[in-house]
Structure formats: structure tokens, C-alpha cells
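Chain A is the first sequence line, chain B the second, and so forth, proteins listed ahead of strands; every chain is numbered from 1.
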Amino acid sequence: MATATSRRRGRASRRGLPASFYDRPVLEVARDLVGCVVQHGPTSGVIVETEAYHDSEPACHAFVGITRRTKTLFGEPGRAYVYRSYGVHALLNAVCEPEGVGAAVLIRALEPRRGLDLMRERRGLSASTRMNGAADRALCSGPGKLTQALGIELSDNDTDLAAGPIVIRERPSEWSDPEIVHGPRVGITKAIELPWRFCAAGSRYLSRAPRH
DNA sequence: CATGGGATTGACT
DNA sequence: GTCAATCCCATGC
């Protein structure tokens, strides 16, 4: 007779990484998230680029303390922090470290995995670009692109990354031990010296190539 | 209540 | 390489 747990799990767990995965130093989580899978409905991709943010440094939204905007960042680890960037794009972060610390990992790029047709539709890529790899690289190669491709919106802010609707899962077997390179974060004007960006070495799906 | 600034992207010179 | 779009929110009067 099936237990409640086995019924809930099924063949493979539908839930994502537990809160304990995120309740650690944000630099560790940023590195460990490379190779993990982000899924939203029928679309998913492997994380190939992340950045860490922490309330101790001025590039982080949480640097100003707890406000309406940063409440999620200071909240429970393992939730999504989604905010609007430049009035245009929704950016996805995973909240880290204990409640009371403002820290998160920005998901900056994915290698598309499932639901590519829907991603192309949401991204407005024409049928003529469907058959070449350059178009696939354009689907999720940036923090604003990947939320558009996966249909992630501001209303997903503060949702549980283990229960969904956005779910982040452990690395699939072919990503069990990725080579990771790190360097400075992209697109910020403060704390530019911190090498808090993490990339899957050699991935074709990054937002920009790491500096040599 | 007015203002200014973005963890970006795509179009254009 | 430059630059505008566009909106949420923190800050200051």
C-alpha cells in the first residue's frame, strides 16, 4: 500500500530543492545552482549562469534594508524574488541564507531543455529561425529573456521554489559535476570588483562570454 | 506627491 | 558603438 509520501513523490519528486539547500552562504548556492533545472509549466532549462547578491554590498537591492520591495529578500530561503527591471523585464532570483539576511541568486541564463516551441512563441522568434542553433541560443541567454521564455511574471514573487509554480530541481546526471568559472557581475555600477558571477565553462547559452 | 534610477534588451548609427 | 522603452519603488520635499 502506497504511503502518503510515495504518492506525493510518484516516480520522481515533483517538488524542487528543499529550503535547506538555499539556507547557506549565497556564494555557495550561486555556484551549486549551476547545472540545476528551472521548470515553469511545460518549459524548463538548465541553469548555466548565476550571480550572487548580499545585503552587505551596495549592488544588492537589500543593501537599503527591509522595505516593501526587499521584504522577500529578507524572508524565508527557497522562495522566488521576482522584480521588474528597467520597467520592462521580470528578473528571477532564489532567496538564500537564513530569514533576516537579505541575499539571493540571480538566474541569468539557461540552456533550454523542454517546451522550446512555447519559448520561441513567447520570445517572438519567427518560424524561419526555428531550425538553427543561433535561435535556440537566443531563447534564454539573459535574465530578462529566460523569464519571458518561461512565462515568469511579477505575480510569481515570493512563491515557493520547491512547491511551484516555479520549481528548481537538482542537477540531472549529465550535469553532476560541471566545470564552473567565475568573474565580475554584469550590468551593475556598484561593487563591480566582486567576482560573484558563476558560469558553466564553455556553455553556448550564456548571456555574455566570461572575460578571459 | 514629484523625482530619479535601474541586476536589460533590441533596434539602430 | 549609442540609445530609448517603461514601470516599480525608494527617497525627499
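Atom CD of A:Q148 and atom P of B:dG10 are 7 Å apart (whole Å). Here the P atom of nucleotide B:dG4 and the NE2 atom of A:H61 are 19 Å apart, to the nearest Å. The CG-C1' distance, from A:L92 to B:dT8, rounds to 15 Å in whole Å. The CD1-P distance, from A:I66 to C:dA10, rounds to 12 Å in whole Å. The CZ-P distance, from A:R84 to B:dG5, rounds to 20 Å in whole Å. Separating the CZ atom of A:R208 from the P atom of C:dG1 is a distance of 10 Å, rounded to the nearest angstrom. In this entry the distance linking CZ of A:F74 with P of C:dA10 reads 11 Å, nearest Å. Protein atom OH of A:Y83 is 5 Å distant from nucleotide atom P of B:dA7, rounded to whole Å.
Heavy atoms of A:R123 sit under 4.0 angstrom from primed sugar atoms or phosphate atoms, though from no base atom. Note on A:V64: only backbone sugar-phosphate atoms sit closer than 4.0 angstrom, heavy atoms only; bases stay farther off. At the heavy-atom level, A:I188 lies under 4.0 Å from the strands shown only through sugar-phosphate atoms.
For A:K145 and B:dG10, the shortest distance from a side-chain N or O to OP1 or OP2 is below 4.0 Å. OP1 or OP2 of B:dT8 sits under 4.0 Å from a side-chain N or O of A:R108. A sub-4.0 Å separation between OP1 or OP2 of C:dA10 and a side-chain N or O of A:T67 is present. Residue A:R69 places none of its side-chain N or O atoms closer than 4.0 Å to OP1 or OP2 of C:dT11.
Heavy-atom distances to DNA chain C give each of A:H89 and A:L154 a nearest nucleotide, and the one nearer the 5′ end belongs to A:H89. The residue among A:G142 and A:T189 whose nearest nucleotide of DNA chain B lies closer to the 5′ end is A:T189.
By the stacking rule of 5.5 Å between ring centres and under 30° between planes, A:Y86 does not stack on the base of C:dA5.
In this structure, a donor-acceptor pair under 3.5 Å is present between the side chains of A:S207 and A:E49. Side-chain contact annotation: A:Q148 with A:R123, donor-acceptor N/O pair under 3.5 Å present.
With both pairing distances under 3.5 Å, B:dA11 is matched to C:dT2 as a Watson-Crick or G-U wobble pair.
A:N93 places a side-chain N or O within donor-acceptor distance of the main-chain N or O of A:Y81, the cut-off being under 3.5 Å. For the pair A:S141 (side chain) and A:L206 (backbone), a donor-acceptor distance under 3.5 Å is absent.
Using a 30° and 60° split on the angle between ring planes, A:H182 and A:F198 fall in the tilted class, from 30° to 60°.
Taking only side-chain atoms of A:L73, from C-beta outward, the nucleotide of C:dC8, C:dC9, B:dA7 with the closest atom is B:dA7. Listed candidates were C:dC7, B:dA7, B:dT8. Nearest to the side chain of A:V186 is B:dT8.
Distance noted for atom C1' between C:dG1 and B:dA7: 23 Å (whole Å).
Within a 6.0 Å radius of CD1 in A:I192, other residues, nucleotides and ligands contribute 12 heavy atoms or fewer.
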